[in-house]
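The structure appears below as structure tokens.
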Amino acid sequence: PLRRVTLQRGEAHFTVMKDSQRPFVVEASGVEVRAVGTAFSVQRGASTVEVIVTEGRVAVVPERSDPTAATAPGAETLVDSGNRCIVD
């Protein structure tokens with residue numbers, strides 16, 4: 001069973017308990033952020049989604065097809081603690 005949250009607007013910070021059988025996923029503007037045990041923030045802006053990792057590691061997966069994007073749709077980007085990722 002998947003733990004899933006959809007961020008409609010604004011910003012939220014999540015602290016996730018480790019559970020490899022139940023991944024935690026936040027969806028915002030067609031971007032999925034996946035975590036198993038970590039702490040991170042997701043901010044949904046007008047045209048971007050920003051992910052800031054404060055503990056552990058998350059996988060950021062853009063779902064939309066955008067030929068100008070740095071990563072292909074569905075391509076996973078790993079973001080470690082102390083780093084951030086911005087997806088247009």
Side-chain angles (χ1 to χ4, degrees):
L2 187 69
R3 298 174 286 174
R4 179 179 289 277
V5 173
T6 300
L7 185 63
Q8 299 290 327
R9 64 179 181 274
E11 179 178 4
H13 185 267
F14 303 94
T15 301
V16 181
M17 297 286 290
K18 290 183 180 182
D19 186 344
S20 61
Q21 300 301 313
R22 297 178 54 223
F24 183 84
V25 176
V26 177
E27 190 278 327
S29 294
V31 175
E32 279 194 354
V33 182
R34 297 180 189 161
V36 174
T38 188
F40 62 99
S41 296
V42 178
Q43 181 175 11
R44 181 177 174 177
S47 62
T48 62
V49 173
E50 181 176 6
V51 179
I52 300 172
V53 182
T54 54
E55 181 182 321
R57 174 188 281 182
V58 301
V60 178
V61 182
E63 293 181 326
R64 283 194 272 212
S65 178
D66 180 356
T68 63
T71 59
E76 182 177 276
T77 300
L78 297 177
V79 183
D80 291 317
S81 178
N83 292 295
R84 71 180 184 160
C85 177
I86 298 174
V87 181
D88 289 329

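Just so you know, these numbers use all the heavy atoms, side chains as well, and skip hydrogens, waters and symmetry mates.
Just one of Val60, Val58, Leu78 meets the side chain to side chain contact (heavy atoms under 4.5 Å, CB included) condition when paired with Val53; it is Val58.
With rounding to the nearest 0.5 Å, the separation of OG in Ser29 from CD in Gln8 is 9.0 Å. Taking CD of Glu50 as the reference point, atom OG of Ser41 lies at 9.0 Å (rounded to 0.5 Å). If you take CD1 on Ile52 and CZ on Phe40, they are separated by 12.0 Å, rounding to the nearest 0.5 Å.
Between Val5 and Phe24, the closest side-chain pair of non-hydrogen atoms falls below 4.5 Å.
Under the salt bridge (Lys or Arg N to Asp or Glu O under 4.0 Å) criterion, Glu11 pairs with no residue at all, not counting sequence neighbours. The side chain to side chain donor-acceptor pair (under 3.5 Å) test applied to Asn83 returns no partner, not counting sequence neighbours. Under the side-chain contact (heavy atoms from CB on, under 4.5 Å) criterion, Arg4 pairs with Leu2, Val25, Glu27, Glu32, not counting sequence neighbours. Applying the side-chain contact (heavy atoms from CB on, under 4.5 Å) rule to Ala12 yields the partners Leu7, Phe14; only residues at least two apart in sequence or on another chain are considered.
Side-chain atoms of Arg3 come within 3.5 Å of backbone N or O of Arg22 as a donor-acceptor pair. A donor-acceptor pair is defined here as one N or O able to donate and one able to accept, closer than 3.5 Å; no such pair exists between the side chain of Thr48 and the backbone of Val87.
Closest approach of Val42 to Ala28, counting heavy atoms only: CG1-CB, 4.1 Å. Counting all heavy atoms, side chain and backbone alike, Ala75 lies closest to Pro62 at O-CD, 3.3 Å.
Within the structure, salt bridge (Lys or Arg N to Asp or Glu O under 4.0 Å) contacts touching residues 38-48 (residues at least two apart or in different chains) do not occur.
Clustering of Ile, Leu, Val, Met, Phe, Trp and Tyr side chains at separations under 4.5 Å leaves Ile86 isolated, with no partner residue.
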